[in-house]
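To find a chain, count down the sequence lines: A is the first, B the second, and so on, and within it residues start at 1. Reckoned from all heavy atoms, side chains included, excluding hydrogens, waters and symmetry mates.
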Amino acid sequence: MRYNPSEIEPKWQKQWLKEKVYEPDLKLAKNPFYNLMMFPYPSGEGLHVGHAYTFSGADLYGRYQRMRGCDVFQPIGYDSFGINSENYALKTGTHPLDLMKKTTDRYEKQLKELGIGYAWDEVLSTHEPDYYKWTQWIFVQMFKNGLAYRKKASVNWCPGCKTVLADEQVVAGTCERCDSVVIKKELEQWFFKITDYAEKLLKNLDHIDWSERIKIAQKNWIGKSEGASIRFSLIDVPGQEDKKHFVEVFTTRPDTIFGTTFVVVSPELAKFWQVSGWQAPDEVRKYIKQKLEERQNESTEKNKSGIFSGFSAVNPANKEKIPVWISDYVLAGYGTGAIMAVPAHDERDFEFAKKFKLPVSNAPLVSIDEGIKKSGGIKKIQFRLRDWLISRQRYWGPPIPMIFCEKCQWQPVPEKDLPVKLPYIKDFKPTGTDKSPLATDEKFYKVRCPKCNEWARRETDVSDTFLDSAWYYLGYLGLSKPFDEIRIKKWLPVDMYIGGAEHAVLHLLYVRFLAMAFKDWELVHFEEPFKKFRAHGLLIKDGAKMSKSRGNVVNPDEYIRAYGADALRMYLLFLGPFEQGGDFSDTGIKGITRFLERVWKLTPRVILRVKPEGSHDLPAGKAGILRSAQNDRGEVEQLIHKTIKKVTNDIENLQYNTAISALMILLNKFEEETVAKEDWEVFLKLLAPFAPHITEEIWCGVLKNKKSIHKEKWPEFDPAMLEEDTFELIVQINGKFRGRVSAAKGISEEEAKAKAASLESVKTHLTGKPKKVIFVPDKLINFVL
RNA sequence: GCUGGGGUGGUGGAACUGGUAUACACGAGGGACUUAAAAUCCCUUGCUCGCAAGGGCUUGCGGGUUCGACUCCCGCCCCCAGCACCA
C-alpha cells in the first residue's frame, strides 16, 4: 500500500470533526489551555502560504499541549469588517456582504484541508450583527466611562482609502494599507483615550512573557520621556505689549538650561498666538501660512526652515534675553509645541543655529534638579503615544452607536437597541468627503434622541477595524454573553498567542488597552489578555517578501494537492526557526515527502519486526557496526530518550526546524534496526503534532488503536537514560582538534594524557614535552607546546 | 540617525555555559536496480595543496582577550525589520 495523502488526509479531517477532537467543553474543561492565533481577514485571493505557515506553527503548539494533557481551545474566525475587505469588494464590484460568505467559506475549506485543529463550533466573523453588537456595546461603555470623546484635531487623512487613519496606521508618512501619502486634515472625530493607560501599558511590559522585539516596539511607541516644563516670559509682543505673556516648553534636558540661546515654536502655536492678538510682521504671517499648508499635504521635511518672530523671551535661569523663532522642525502635537533650543547639546538645535547664525553657548551643565529649580520649572512626564482615532468615513464597519441631538448633545444608543445594524447600501463607495456613505441613507441617520425623543441625527461614521479585533478572544467564548464570568475565569488570560510582528503597535497595543479598561470596569479579572505572545517570522520567497505586485505569492492548494498537507506543513516549519521565518523554495519539500514516505514504509516492518531488506549486504560502516554491536538496544533506547527531550524542548521554544531534524535522525537510526513496536509508537507520538494525518492513519488505521493519536499522552524521557558512562575525549594540540578517543567518565588527567598520547595523530604532532596541559574533566585535553 | 534581529558550504539552515564548526535537509557528482526514465537504495560532497599518506585555510572585515572564540571585548562593513526632527 502506497502512502497516499490525498486519500488519508480528507478521511481524518472528516473523522476529527465528527468526533469533535478539537472541541473542548468550554464549561467543564478541567485543564484549560487557550491557544490563540491571529485571525485572518478574508481576502478574495484566499488563504496564502504565509497563513499556512503561521497557522501550522500555532496548531503544532496546540497539538503538543493537548498531548500534554490539556483541554486545548483553539478557535478561529474572520476579521471580516474593515477597509481591506471593502476594497476588495470595490475592486470586484461585489457588495462586501455578498462577498463575505463566499470568501469565508473558501477559507474554511482551505483551513480544513490543512488539517488545522480548530474548534469550528465557535467560529465567528466580525461583520455579523451577533458580533458587532458587542463591538458597539464596548464603544458605548467607552463613552460612558469617559474614554471615548470627540475632538477637532489635525488628523491623518488617506486620500487613497478616503478616510481618516490612526497614528498607528501611518507608516513613514504613508498609509499602512494602500501606501498613499497621508495628509493632515482638520476634522472633528471620535477618539479613544488610550493615553490614560500609557503608564500601565508601559509598565506591564516588564512582566509579560512576550517576544522581546514586540515589547521594545511598544516601548518606543509609547515613548515615555521624563523632563520638565519651563516657562519663558515673552517681551514686547507686537499688539500685546500691555499684557504679560509666556511660552511654555517641554524639555528632557533641564540640566542644559543655561545653554539655551533661543526658543523655537511650531507654526501651529504661532498661528494660535496670531489668532489671539499677536500682530506678526507680514513675512512672518506668510511663513506661518505657508508652513501650515505644507503640513497638510506632505509628511515633514527634514530640511529645517525658520523665521525670527520679531520679539524675545527671557531665560528664567539667567534672565538673558533670547530670540523667539518659528520653525517647522518643532512639532505641534508633542509636548507644548515649543522648545528651548540648546545648540551645544542638541544636534537639531545646533543645525538650526548654524543655518541661521544663532549663538551657541558653552555654559556649563548643572544637575537636572538644579536646572528645574533655577528655571522655576516643574517635573513633567511626556508620552509620545497619542489617543486612538477611532472613526472611519467608510461603509464596511460597525456603525458608531451614538446619536447627536441638538438639545442633549451626544447620546449613546441604549444597550437594548444594539446592534445598530449596518444598512445594506448599494453604493457603498467612499464619498471622499468627511462623511461616510451611511450619511446618504436618511432612514439610517434620522432617529429620535434616546433622551428627549426629539429628532436627532445618528453618527454615520463606522469604527476602526482594529476595534473589532481588540476583543475577539472574548467573542470565541460565546457571543450570547462574551463577558461570562465563569468562562472568563476558566479560559483567560489566553495561554499562548501567536501572530505577526507587524501588529506590534496596532492590534497588540489596542487589545491590551481594552483589556485594561475591561479590568477597570470589573468585567474581567486580568489586565493583560495574553500570558504569552510569540511573534512568528515572515515567510519569504527568493529572499523577498511575498506580494501580489512581485508576483511571487504561493498558493498552498497546489502543494497540498501534490504533496499533502502534512508534507507542506512540516516543510514550512523545517525551513528555519519559527520566530525567524524562512525562505520558501519548492525544491526542499521533497526532503519531507521522502521522510514521510519512509515513515510509512517502515511501519509494516515494525509490526513484523524485521530488519530492512538488503541489510545483510550493507557495507561495513556506521550501519554495519551498529548491527553487530551487543548493546544495540541500549544505544537506540538512549537515542529515543534524547529525541524525546530534544523535540519537547524545541517545541516549547518554537524551534520546530531542529525538532524535525531530531526526528529525522531517529528515523535514520530506526531504519538500520529492528524496531520494537513500543519504540515506534513513541516516534509516532512525537511526530503527531508535525504531521497529524499520517500519524493518525498509522496509529488508528494500521496499528488499530481506537483513540486518536492526538489524544494520546506525550512521551516522557527518563533522565537516567541520558546518562552515559563513557564519553568522547577530545584531544587538542595548541587548541587545535587532533583526534578523539572514547574514555570512561571521571578519568584522571594522567589517564587522559596516556590515552591521548596513544593516538597516532597525536603522536605525530606531539613533538617534545608540552609546556602546559589543559584538562577539562569528561570533555577534553589540550597539550600546549 | 536610533532601536532590535541577522551575516556560517552551491542552497535552507545546525552548534550546550568559550571546548570536534558545517547537524538535518536540498542540490550536485558517482554507483546499484531498470530495455529506458522516474522512484528507490548505496557512496562522495566546506575550500585548497598533494598520486597518496598527509598538510594548510575557513563562521562579513580588522584587531584584542584566552591553552582554546561562530560564541566574549573593541572598531568597522553589509542585509532585514521597526521608529524617525518626540526636544
Side-chain angles (χ1 to χ4, degrees), chain A residues 171-173 211-217 219-221 223-225 227 249-253 256 264 299-304 327-331 333-336 338-342 345-349 351-352 382-386 501-502 504-505 535 537-538 540 543-545 571 574-577 579-592 594-595 597-598 601 612-614 617-619 621 623 655 657-665 668 671 728-740 761 764 770-776 779-785:
Chain A
V171 177
S211 293
E212 206 52 37
R213 53 183 167 141
I214 303 297
K215 294 212 268 187
I216 289 161
K219 200 175 157 194
N220 292 342
W221 186 260
K224 182 178 177 174
S225 298
V249 305
F250 173 73
T251 179
T252 53
R253 299 291 308 274
T256 65
V264 194
S299 48
T300 47
E301 264 269 1
K302 291 243 168 160
N303 244 333
K304 293 179 178 57
S327 170
D328 58 354
Y329 89 90
V330 175
L331 302 173
Y334 182 79
T336 58
I339 60 155
M340 53 179 238
V342 190
H345 291 283
D346 186 286
E347 220 174 289
R348 297 154 301 183
D349 296 346
E351 214 181 292
F352 191 79
Q382 186 69 45
F383 290 97
R384 196 189 156 287
L385 180 72
R386 264 161 277 180
E502 69 275 16
V505 297
L538 203 65
I540 56 170
K545 222 179 200 163
Y571 169 62
F574 186 54
L575 282 173
E579 290 180 85
Q580 249 172 64
D583 199 329
F584 185 91
S585 78
D586 26 20
T587 51
I589 197 165
K590 275 192 191 149
I592 296 290
R594 281 180 198 147
F595 170 79
E597 267 167 3
R598 282 158 53 207
K601 276 196 268 185
E613 282 168 55
D617 38 53
L618 278 177
Q655 281 155 348
N657 56 331
T658 45
I660 292 169
S661 129
L663 289 167
M664 287 173 166
I665 292 169
N668 290 347
E671 284 185 329
E728 293 283 301
L729 177 74
I730 308 301
V731 184
Q732 296 181 337
I733 290 163
N734 286 337
K736 203 170 172 61
F737 173 77
R738 287 298 174 191
R740 98 200 78 182
S761 53
T764 47
K771 254 191 271 173
K772 199 170 161 191
V773 178
I774 310 281
F775 177 64
V776 184
K779 192 150 246 168
L780 69 88
I781 187 155
N782 183 13
F783 298 96
V784 185
L785 298 182

From [atom1] of [X] over to [atom2] of [N], roughly how many Å is that when rounded to an integer?
| X | N | atom1 | atom2 | answer |
| --- | --- | --- | --- | --- |
| Met664(A) | G12(B) | CE | C1' | 12 Å |
| Tyr334(A) | C83(B) | OH | C1' | 14 Å |
| Phe584(A) | A25(B) | CZ | C1' | 15 Å |
| Leu575(A) | C26(B) | CG | C1' | 11 Å |
| Phe574(A) | C24(B) | CZ | C1' | 5 Å |
| Glu671(A) | U40(B) | CD | P | 12 Å |
| Ile216(A) | G5(B) | CD1 | P | 6 Å |
| Lys601(A) | A39(B) | NZ | P | 12 Å |

Please determine whether a side-chain nitrogen or oxygen atom of [X] lies at a distance below 4.0 Å from atom OP1 or OP2 of [N].
| X | N | value |
| --- | --- | --- |
| Arg594(A) | C26(B) | yes |
| Arg384(A) | A84(B) | yes |
| Asn668(A) | C24(B) | no |

Nearest-nucleotide pick for [X], side chain only, options being [options]:
| X | options | value |
| --- | --- | --- |
| Lys779(A) | A15(B), C16(B), U20(B) | C16(B) |
| Pro577(A) | A21(B), G4(B), A14(B) | A14(B) |
| Trp221(A) | C83(B), G55(B), A23(B) | C83(B) |
| Leu331(A) | G4(B), A23(B), A87(B) | A87(B) |
| Phe250(A) | A87(B), A15(B), A21(B) | A87(B) |

Applying a 4.0 Å non-hydrogen cut-off, can you work out what [X] is touching in the nucleic acid: base, sugar-phosphate, or nothing?
| X | result |
| --- | --- |
| Arg386(A) | base |
| Ile730(A) | base |
| Ile665(A) | sugar-phosphate |
| Phe595(A) | nothing |

Identify the nucleotide, in any strand shown, that forms a Watson-Crick or G-U wobble pair with [N], with both distances under 3.5 Å; if there is none, say none.
| N | value |
| --- | --- |
| G82(B) | C2(B) |
| U20(B) | none |
| C72(B) | G64(B) |
| C41(B) | G31(B) |
| A14(B) | none |
| U59(B) | none |

- So, Arg598(A) and Asn668(A): side-chain donor and acceptor under 3.5 Å apart, yes or no?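 Side-chain D/A pair, Arg598(A) to Asn668(A): present.
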- Measure up the Phe352(A) and Tyr329(A) rings against each other and bin them: parallel (under 30°), tilted (30 to 60°), perpendicular (over 60°).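 Because their plane-to-plane angle lies in the 30° to 60° range, the rings of Phe352(A) and Tyr329(A) count as tilted.
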Determine the interatomic distance between [atom1] on [N] and the same-named atom on [M]; round to the nearest Å.
| N | M | atom1 | answer |
| --- | --- | --- | --- |
| C24(B) | A14(B) | P | 14 Å |
| A69(B) | C33(B) | P | 49 Å |
| C78(B) | U8(B) | C1' | 15 Å |
| U58(B) | U48(B) | P | 15 Å |

If you restrict it to nitrogen or oxygen atoms, what contacts under 3.5 Å exist between nucleotides 67-70 of chain B and the protein, and what is each distance?
residue	atom	partner	partner atom	Å
C67(B)	OP1	Lys772(A)	NZ	3.4
C67(B)	O2	Asn782(A)	ND2	2.3

- Task: Please determine which of Thr256(A), Asp346(A), Asp349(A), Val264(A) meets the side chain to side chain contact (heavy atoms under 4.5 Å, CB included) test together with Met340(A).
- Result: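 For Met340(A), the side chain to side chain contact (heavy atoms under 4.5 Å, CB included) check succeeds only for Thr256(A).
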- Query: Which residue lies toward the 5' end of RNA chain B, Asp346(A) or Ser585(A), if each is placed at its nearest nucleotide?
  - Reply: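 First, find each residue's nearest nucleotide; the 5'-ward one identifies Ser585(A).
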- Message: On RNA chain B, does the nearest nucleotide to Glu212(A) precede the nearest nucleotide to Val330(A) from the 5' side, or the other way round? Give the residue.
- Response: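 First, find each residue's nearest nucleotide; the 5'-ward one identifies Glu212(A).
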- Message: Looking at every non-hydrogen atom in both residues, tell me the closest pair between Gly335(A) and Gln382(A) and how far apart they are.
- Response: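 Closest approach of Gly335(A) to Gln382(A): N-NE2, 3.4 Å.
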